[in-house]
Amino acid sequence: MLNKFPLWKNLMVIVILAMAALYALPNIYGEDYAVQISASRNATVDTQTLGTVEQTLEDIAIQPKGVVLEEGQILVRVNSDAEQLQARDALLRALGTNYIVALNLAPATPDWLADIGGTPMKLGLDLRGGVHFLMEVDMAEATRKIQDQMRDTVRGELREERIRSTSIRRDDSDVVVQLRTDEDYAAAESYLNNRYPGYTLVEDEATRTLRLRMTEAKLKETQDYAISQNVTILRNRVNELGVAEPVVQRQGADRIVVQLPGVQDTARAKEILGATATLEFRMVDDENSVYEAEQGRVPFGSELFPNRNGGNTLLKEDVILTGDHIVNATSGFDENQRPQVSISLDGAGGDKMSLATRDNVGKPMATLFIEFKATGERDENDRIIFERNAEVINVATIQSRLGNNFRITGINSQQEAQNLALLLRAGALIAPIQIVEERTLGPSLGKENIELGTQAIIWGFLLVIIFMVIYYKKFGLVANLALTANLVLIIGVMSMIPGATLTLPGMAGIVLTVGMAVDANVLIFERIREEIKAKRSPQQAIHHGYDSAFSTIMDANVTTLIVAIILFAIGTGPVKGFAVTLAIGIITSMFTAIVGTRAVINAVWGGKRIDKLSV
Amino acid sequence: MHEIIKTDKTLPFMRFRFGAWVLSAVLVIASIVSLSVNQLNWGLDFTGGTVIEVGYENSADLPAIRDTLDANGFGGAVVQNFGTQQDVLIRIEPQEGVKAQELGNQILSLLRQSSDDQIEMRRIEFVGPQVGDELTEQGGLAMLTALLCILVYIALRFEWRLALGAVGALAHDVILTLGLFSFLGLEFDLTVLAALLAVIGYSINDTVVVCDRIRENFRKYHKYTAQETIDGALTDTMSRTVITSLTTILVLLALFFLGGQLIHGFATALLFGVIIGTYSSIYIASSLAFALGVSREDLMPPEIEKEGEDLEPLP
């Protein structure tokens, strides 16, 4: 008998390997130092910007490797990291704050390769440096905020319906309405019943109390909304920081992962990302006495807040406007050289503001600065307890009806004005967050890790190759071919899968795969040796060797694959990287060891009569 | 033809099984004792806290660094060299207070103020205690899930006695590796957990190959006793077991010596685990199945397949 592969099988092996080699290719070209320019809010990146960029680079005598305008971004490639910093600083000065100028590494893949989708493997933070944050969102605050809005809505609607209540307040996660008379109770009950989707009405006729309680579904919806809103806002803030290729992702029920490659200054990143500062505009309650309120007799419908002069200010509970309606904010100075923030509102915000100020000309309005700080303690549900700090930063008399644009003063310093403007631009977090995990890696350690990982792979590979040739001779050479093909396949597949990231444990996974991948060939070759000992002809030995080893190889690899999948499911970050390379390695090694080596062996020994096998 | 084992004769593995059991029992008990006395040196990933790795230009003066930290209220900090004389690793236990996540930067600037050397920030990691607890729980859960999934898969593909033998061998490997880490006081972090799962993966690979041969030989040779059949299967797979272990150990040695400090624990766990895994798949897995009374009848293919005798026997 002879061992031959049909043409299609040989072709399949060749095509798969060629594809893998092609997509693995971008990894050997490396990366260029680059500066990436994109627009922030009120600007666009166009050919005019391109002109400015080129002119700026010429002025500081930098010869860029390339300057391209693509998808609303300009990418400037330069020759060294020193040039990169120089170019970034110069461009930042030339373009002003409307543009985001970020340091980046751009793959130096040739155009023809990039055109067919060839990109190098994505490197994890442990290989390229940067910072990883895991943040926990305060869910209690998210529901509290929604319920405060609900309270205001109910209050307004009952007033319009002329139903009189003693008090309407929020109690934990319920809105509680206390009615004055039985008639009012009946009217309120029939009005509120089934009025708000997502709420159930709990009635208590004896005390004339109605409770609006969130349903489980509504609660979950509120929390989902809080997370996704926070993710959006964190993304805006990360963009304001000027980071190339950031990752902002939800993880689990109440956590968000933020990864900022290349960022070293974690202090500023944390200050901006974690800040919960926002503004509220409210009318000042000037009909009641602040002194009375300070003694604990806060009038119904008002709240007492500290102000910056060390005293207190009494404000109405109703909020005219929150920070959500702010579309742009810039810092500057007023006529008296005091820091100020100019604010633009969206349409809805402008309407609200103009409506509220129309009837209140001549009355004082306050700007309330609200910030959440983590106390470092946890409640019985193991949630972080946040402290809400609210402070009146200015009170101004409304001179005329306000519209979409106005400004606020009373800010302590220019730095504070700048940060406040940035935070208002990026949007306020809907619920406060706290960093529960942080990993920062310097760029030098990243480079060192790549070198160490590569060294380990190369040496491991060489040792195995030498061993296989000594032990199995010519068949060992075939196994080595398969091992090489396997490495190319792993790198090719890793480069092709968009979500796959190479980490240091991932590189360890490749090393381990190199050692274990020969196992399939060892099994096959040992079987062939046995068959030869059992006096079979060489061709029969090859045939039976492959056949009888097949199911063993499958069983052994499926069980290892189960482990890799479990590792992937529970692992985070680097460990996930290990699971990915391990799983890919198992699958590719089965292909190269079973199909790949058979193709070579069939082609070399399979087509002719032979008496001896070199195995 | 190079051969590691001359396979003309069947080697009497099972005859030594009592010796192996005593050895394994002693090692397992020693591991458990060490685990309960020394416990594991849990890494940052599991305990929470802050780790700062800095690089000095010249050799770092560890006592001076300790003094600086002591003077600024970080008395509990562990300061040690990491890999080289220039590299310093500082570890601080989780502390009550708000500013835990700012600790890293604080300490970095403290060190910079107190030394004339250029100090390079290499790594700052902060893990909240909450996250640590969750990781410990998830890690344990992953280990159990892996063992359970493998138990089910082998029970379905082979037979329950072999499955129990295989999982017993895996548990043996995990306990011994944990015992080694506890005995030597090596740090147990997330990468070591990953390595432990990889050890499970490797060891099961080995065990499956042996089980596969045991089943095949039971079906092929009818005249031998169970003990002779198992001995035969172990002999047949012996050279494969040794060669694969050898190539794996070769690459792990490369990883151990060249992979750097960050995956040293990972390489150590795998290196030890692979050696133990090789031993356990020979002695523990098959002798456990043997003790449980695995026999030819348990491994014969189901009746239906006997109709087509000319077909290849299904695996």
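Throughout, protein chains are lettered first and strands after them, A, B, ... in sequence-line order, and every chain is numbered starting at 1.
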Bottom line for B:N205: the part with an atom under 4.5 Å from chain A's heavy atoms is both
Among B:V209, B:D45, B:D206, B:I124, single out the residue with the greatest number of heavy-atom pairs under 4.5 Å to chain A.
B:I124
Chain B contact via A:D126 - which portion, at a heavy-atom distance below 4.5 Å:
neither
What part of A:E530 gets within 4.5 angstrom of chain B, counting heavy atoms only: side chain, backbone, both, or neither?
side chain
Where is the tightest heavy-atom contact between B:I119 and B:R112, given as atom of each residue plus distance?
O-NH2, 3.0 Å
Measuring heavy-atom distances to chain A, does B:L270 have an atom under 4.5 Å in its side chain, in its backbone, in both, or in neither?
side chain
Is chain B contacted by the side chain of A:L463, its backbone, both, or neither, given a heavy-atom distance below 4.5 Å?
both
Working for side-chain hydrogen bond (donor to acceptor under 3.5 Å, both in side chains), residues B:R91 and B:T47
CA-CA 11 Å; B:R91 183 164 162 186; B:T47 59; 3.2 Å; yes
Top contributor to chain A interface from B:I150, B:L253, B:L141, B:V127 [non-hydrogen pairs under 4.5 Å]
B:V127
Taking atom CG of A:L504 and atom CG of A:N449, what is their separation to the nearest 0.5 Å?
4.5 Å
Heavy atoms only, distances under 4.5 angstrom: which of B:I52, B:L44, B:I204 has the most pairs with chain A? Name it, please.
B:I204
Heavy-atom pairs under 4.5 Å with chain A - which of B:Q261, B:R123, B:Q138 has more of them than the others?
B:R123
Taking every heavy-atom pair that is under 4.5 Å apart, which of B:A267, B:A142, B:A198 has the most such pairs with chain A?
B:A142
Please name all residues satisfying side-chain contact (heavy atoms from CB on, under 4.5 Å) with A:I458, sequence neighbours left out, ordered by chain then number.
A:T454, A:L462
Looking only at heavy atoms and a cut-off of under 4.5 Å, which of A:P505, A:S444, A:A517 has the most pairs with chain B?
A:S444
B:V167 and side chain to side chain contact (heavy atoms under 4.5 Å, CB included): which single residue from B:T207, B:L151, B:L148 fits?
B:L151
Does any backbone or side-chain atom of A:V511 lie under 4.5 Å from a heavy atom of chain B? Answer side chain, backbone, both or neither.
both
At a 4.5 Å cut-off on heavy atoms, which part of B:E137 comes close to chain A: side chain, backbone, both, or neither?
neither
To check you understand the geometry: which heavy-atom pair defines the closest contact between B:S280 and B:S203, and what is its length?
OG-OG, 3.8 Å
A:F550 atom CZ, neighbour heavy-atom count above 12 within 6.0 Å
no
Need one label for B:F158: side chain, backbone, both or neither, based on atoms under 4.5 Å from any heavy atom in chain A.
side chain
A:T560 versus B:Y202: any side-chain heavy-atom pair under 4.5 Å?
no
A:R529 to A:Y471, cation-pi by 6.0 Å centre distance and 45° axis angle
yes
